[in-house]
Structure formats: structure tokens, C-alpha cells
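Single-structure report; data block below.
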Amino acid sequence: MTTSTDPDLDRVAERAAAVARAFAATEPRARAAALVAVADALDRNAAELIAIAMRETGLAAPRLIGEVRRTSNQLRLFAEAIVDGAYLDARIDAADAEYVIGPRPDVRRVLEPVGPVLNFAASNFPFAFSVAGGDSAAALAAGCPVVVKAHSGHLELSRRTAEVVVDALAGAGMPDGVFQLIEGQQNGVALLKDDRIRAGAFTGSTHVGRLLADIAATRPRPIPFFGELGSVNPVYATPGAVAAEPELLQGFLASVAGSAGQLCTKPGFLFVPDDAELGGLAEAAAAVGEHRLLNPGIGRAFEERRGAVLGADGVTVLAEGEVRVDHDGQRFVTPTVVEVSVEQLRAQPDALLEESFGPLSVIVRYSDAAALPALHRELFPGNLTSTVHATDAEAGQLGELVDALAETSGRVLFGGWPTGVSVTAAMQHGGPFPATTTDATSVGTAAISRFLRGVAYQNAPEALLPAALRDDNPWGIPQRRSEAGRSNGWGGLTGEF
């Protein structure tokens, strides 16, 4: 494993490329067992890892305990997704001289790993979106070697986590070189340009994500780049919901303030009717204790962003919050909540619409609920999440708004709050740009498909076919077969088109 801050990047890339075919050829059951071995190793070492993470990130023990559990369970979920090989989508069309549109050759298609993946670890989830997090787990599940570029905000944790992962993979019999760690921004950029890297993944700021995505797209051989860039995650509360949900503002504030607002699903905007009562919000915000931001860089960016919002024209401050700087430059913060009208929001997009990575949110008062779908499409073209709070009686009036949210968001919530992404097979954590550079998911088992590509083999000798496509089916995986004479080629449909 490479962990040097000045590694031999050529050797890193060469090791990943050299092991790619061998790792791709591992049986799904063996790869699933390796993912479980990594999960077990993380759980065994959780106490040591959490202690390091607390020291480096300032995040509290309960949050980190839950995050380790999420990370290990995610690995086990991915193992379940691949163990039977169904994810390979193996399809076999036997040769058919009588095929309806002309003689059909023997064609066999399967999903194969794209090759070495470079994963840029995130700062705000030192486990779940870092070294052993979702992107690494998805790529390993797909059969791709992984090189992780460690985040500078938790280097000690990254090194120790990588050691745990490498040891577990080796103990499970996976090929040497299937997992490596590098450090340093320049090294990450240099490796992203290397032709032997075949896909990239990133979780972080829009600015950095765009820079990396452009590098991936302008290489001599462009590669897919899956960047999750954050979101403002608007929430819309109807008059009925405001009247029927006495805890609406408390739930909103808890979602904004959780983990000091350093979550990509934090609700950045809450739309409420003009006459909504907001009493008690200031007192509730004042009761929230201060929380350290992840690192001085994030703290400076939040302080600057907060100043821009507070300085916007017509802003009413509901909870001013505080920013305290210690002798190391770390920022300790409490929630800031402001209020504007729809007209003020529209008039100042540069000051108000950008994501605030920290405990800050904007409440927007609206007068015409019928105008919300058009307003949403205008102001929020790409989101990880969008949320509606409404009563059952109002559901019939929400069709156009829900359509607008679905067009522009990866996840549409009805009630509740977007923070706390459940790791399930059906979860979607992505969305149209600018939420992501490529609209895919980085959470849930569908994340594995990002690192697979279809390959068809035509009239191939049995001995040269991959195991997933052979007639003797040595892996015992599901194979979708179309035998000669069994179909007219049009799924049984008749008529004129």
C-alpha cells in the first residue's frame, strides 16, 4: 500500500492497472466475502479509529459511532448485492438461423469493471465518504482496484483506516495492489490525468469538483467522473402543514444545526406562507450549543459565506448565531437563520442562493403557492433532495410542484427532513447538475453500477468467454437466455408502428 505524501505515482498507477484483470475475474462470492471482512475489521478497530477522528475533525463520539456503523453496514449491503452475481446482468442470445430479421449470431453480454478508480475522499464524513466509504465500497464491489486520495483534514485517520482495509482484503485472499492510498492535492490531480485511471469519484465543493471533472473530461482519453458537489435542498411547507405540524420549526432547526450544518443534505431553504408564525425559533436556536467546524479552511469559508448572507438587502435576522475563533484558527459556531421574501431571494441570487456549508439556512415567505413550481425550476435546477410538508387534504394540489421537484432532484421527501441518508437498495443520493457532475447515486446498491460497463462477446469460443457467460456457468449466477426459435425478436408484439 502506498501512503507517502510524495509517492511514486507511476508505481501506484501501474500496480492498480496490473491487478485490474485479476480482480475483475474474482468470483462474486469471494469479493462479497472480502467486503464483509473489511466491514468486520472496521468494527473491530472502531474505538481506535473513532478516537483519531474525534481529535482530527471535532465531530462528537455519538455521530462517529453511528458513522462507523453506517460504513460497515454499507459494505455488508454491497456484499449482499453482488454475492449471487445477478448484478452482472448476464445475457445470452443463442445463434438462430431463423431469427425474424435475419440470422442471429451467438451474442453474450455482461457487465465488467471499468478498471482502476481514483476516489477523492470527503472531509465531512471521515468514515462514510472517506477511505472505506461509499465510493470505495462500490468500486471494490464492482471489481475495480481503488486508489484513494486522502483528505487533508483527517490524514492520520485516513492512513490507519487504509491499513485496516488493506489487511482485511489481503486476509480475504484479494490480489495485492487492489487498494492504495495517496496524499496531497497535486498528487491527486496528477493521478487523475494518468491514462491507467479509468474512473473518478469525488465528494466536496462545487468549485473543486468542477475543476476535477473538467480534467477527467479533457484527458486524451476522457473518463467518467462522479462528483457529488452538494446542494441547497429546498423545503416547501404548505399552509396546512404549518398549522398541523407544531414541531415543524424545531425539526427544521435540528436538521440545519446537526453536525454543525456540515452535511450536503442540510435544508438550505424553507419556504413558508406569508402569514406563518415563526415564534420560538430564535430561542430554540440560542439553546443550541456551539460546535467546531471540521477545519480552519471550512471555517473561513463559512464565515465569509455567512457575512454575505447577513449583508444582503432586506434580510431579517431571526437567529444571528455566533462564530468564535480559537488560537488554532478553528471556528466554533452556532446556528444562523434569516428570513427573506420571494422577491428578495430572486433579486439577490449571488448573495443568497449559493450553498452555505455550515449551520445557516434561509426561510423564504411566499404569497402564492401556485407559483412555487415555476419558482423552484428557476432557482433550484439541480438538487440532492427537495422536500414537501403538506397535509393529506392538500395532496391533490401538489402534483405540479412534485413534478418540478422530481425533475430537478435525486430524492423527493414527503415530510421529515433530508439529513440522515438511509443506506438502502432503493436510495438515490445524486441529482442533476450542480448537485452532481454526473447524475448517478453515491449511496445504495445502485452506486455499484457507476463502475461497470457492458461488453458483448459475439461467436466467442467457450474457452475464451468470461465465467459469467459460459454455458457451464461455473459461478452459478443468473443468466438471461434466449434460445434459437424461442422468440420472434420483438417480444411477441405485433401490429404496425
Side-chain angles (χ1 to χ4, degrees), residues 57-60 63 66-67 70 122-126 128-129 203-206 209 228-237 248-272 281 284-285 288-295 298-299 301-306 308-310 318-319 321 323 331 333-340 345 352-364 376 379-380 382-389 405 408-413 415-422 427-431 434-436 442-443:
T57 69
L59 294 171
R63 150 69 195 271
E67 193 180 330
R70 167 181 170 167
S123 63
N124 60 334
F125 280 86
F129 281 90
T203 300
S205 71
T206 300
E228 193 258 274
L229 311 183
S231 177
V232 294
N233 308 301
V235 178
Y236 299 90
L248 180 73
L249 290 179
Q250 286 77 8
F252 161 71
L253 184 62
S255 191
V256 170
S259 295
Q262 299 169 114
L263 303 174
C264 54
T265 52
K266 182 204 72 182
F269 293 87
L270 171 62
F271 286 76
V272 298
L281 180 65
V288 177
E290 69 175 14
H291 194 299
R292 197 196 101 184
L293 295 180
L294 288 163
N295 57 61
I298 285 175
F302 174 73
E303 194 169 15
E304 180 180 342
R305 180 80 193 109
R306 177 176 173 272
V309 172
L310 292 176
L318 302 179
V323 178
R331 266 69 171 179
V333 297
T334 55
T336 297
V337 181
V338 303
E339 174 189 319
V340 298
L345 180 63
L352 295 174
L353 284 177
E354 183 182 337
E355 180 186 15
S356 299
F357 192 71
L360 185 154
S361 192
V362 180
I363 293 179
V364 185
H376 177 84
L379 299 181
F380 307 114
N383 313 277
L384 294 171
T385 76
S386 292
T387 303
V388 178
H389 282 259
L405 304 189
T408 58
S409 311
R411 178 164 54 113
V412 181
L413 292 80
W417 301 97
T419 46
V421 181
S422 181
M427 182 51 66
Q428 173 70 25
H429 187 65
T436 61
S442 59
V443 177

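Between the side chains of Asn233 and Thr385, at least one donor N or O lies within less than 3.5 Å of an accepting N or O.
Minimum heavy-atom separation, Val364 to Phe269: CG2-CD2, 3.9 Å. Nearest approach of Glu67 to Ala128, heavy atoms of both residues: OE2-N, 2.8 Å. In terms of heavy atoms, Ile298 sits closest to Asn295 at N-OD1, 2.9 Å. Annotation for Pro335 and Ala285: closest pair CD-O, 4.0 Å, computed over non-hydrogen atoms. When every heavy atom of Gly430 is checked against every heavy atom of Thr436, the shortest pair comes out as CA-CG2, 3.7 Å. Closest non-hydrogen pair, Leu229 versus Gly209, comes out as CD2-CA, 3.6 Å.
The distance from atom CG of Leu293 to atom CG of Leu59, rounded to the nearest 0.5 Å, is 10.0 Å. Going from atom CD of Glu355 over to atom OG of Ser205 covers 9.0 Å, rounded to the nearest 0.5 Å. Interatomic distance, CD of Gln250 versus CG of Leu281, reported as 8.0 Å (0.5 Å rounding). To the nearest 0.5 Å, atom CH2 of residue Trp417 and atom CG of residue Leu248 are 4.5 Å apart.
Judged by distance alone, with hydrogens and angles left aside, the side-chain atoms of Lys266 form no donor-acceptor pair with the main-chain N or O of Pro359 at under 3.5 Å. Put simply, the side chain of Ser361 gets close to the backbone of Pro267: a donor and an acceptor are under 3.5 Å apart. Side chain of Arg63 to main chain of Gly258: no donor-acceptor pair is present (N/O by atom type, distance under 3.5 Å, no hydrogens or angles). The main-chain N or O of Thr408 is found under 3.5 Å from a side-chain atom of Asn383 such that the two form a donor-acceptor pair. At distances below 3.5 Å, not a single donor-acceptor pair connects side-chain atoms of Arg305 with backbone N or O atoms of Leu360. No donor-acceptor pair under 3.5 Å is formed between the side chain of Gln428 and the backbone N or O of Gly410. Arg411 contributes no side-chain N or O that, together with a main-chain N or O of Leu384, makes up a donor-acceptor pair within less than 3.5 Å. Using a distance-only test at 3.5 Å, with no hydrogens or angles considered, no donor-acceptor pair links the side chain of Glu303 to the main chain of Val323. Using a distance-only test at 3.5 Å, with no hydrogens or angles considered, no donor-acceptor pair links the side chain of Thr419 to the main chain of Thr265. With Arg292 contributing its side chain and Leu294 its backbone, the two residues share a donor-acceptor pair below 3.5 Å.
At a threshold of 4.5 Å between non-hydrogen side-chain atoms, the residues Leu249 and Leu270 count as touching. Between Ser442 and Phe129, the closest side-chain pair of non-hydrogen atoms falls below 4.5 Å. Two residues are said to be in side-chain contact when any heavy atoms from C-beta on lie closer than 4.5 Å; Arg70 and Val443 meet this criterion. Taking 4.5 Å as the limit, some side-chain heavy atom of Ile363 sits within range of a side-chain heavy atom of Phe252. Side-chain contact between Phe271 and Leu345 is present, with heavy atoms from C-beta onward closer than 4.5 Å. At least one side-chain heavy atom of His429 sits under 4.5 Å from a side-chain heavy atom of Cys264. Between Val232 and Leu353, every side-chain heavy-atom pair lies at or beyond the 4.5 Å cut-off.
A centroid separation of less than 6.0 Å is found between the aromatic rings of Tyr236 and His376.
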Please lay out, stage by stage, how Asn124 and Phe357 fare under the test side chain to side chain contact (heavy atoms under 4.5 Å, CB included). CA-CA 10 Å; Asn124 60 334; Phe357 192 71; 3.8 Å; yes
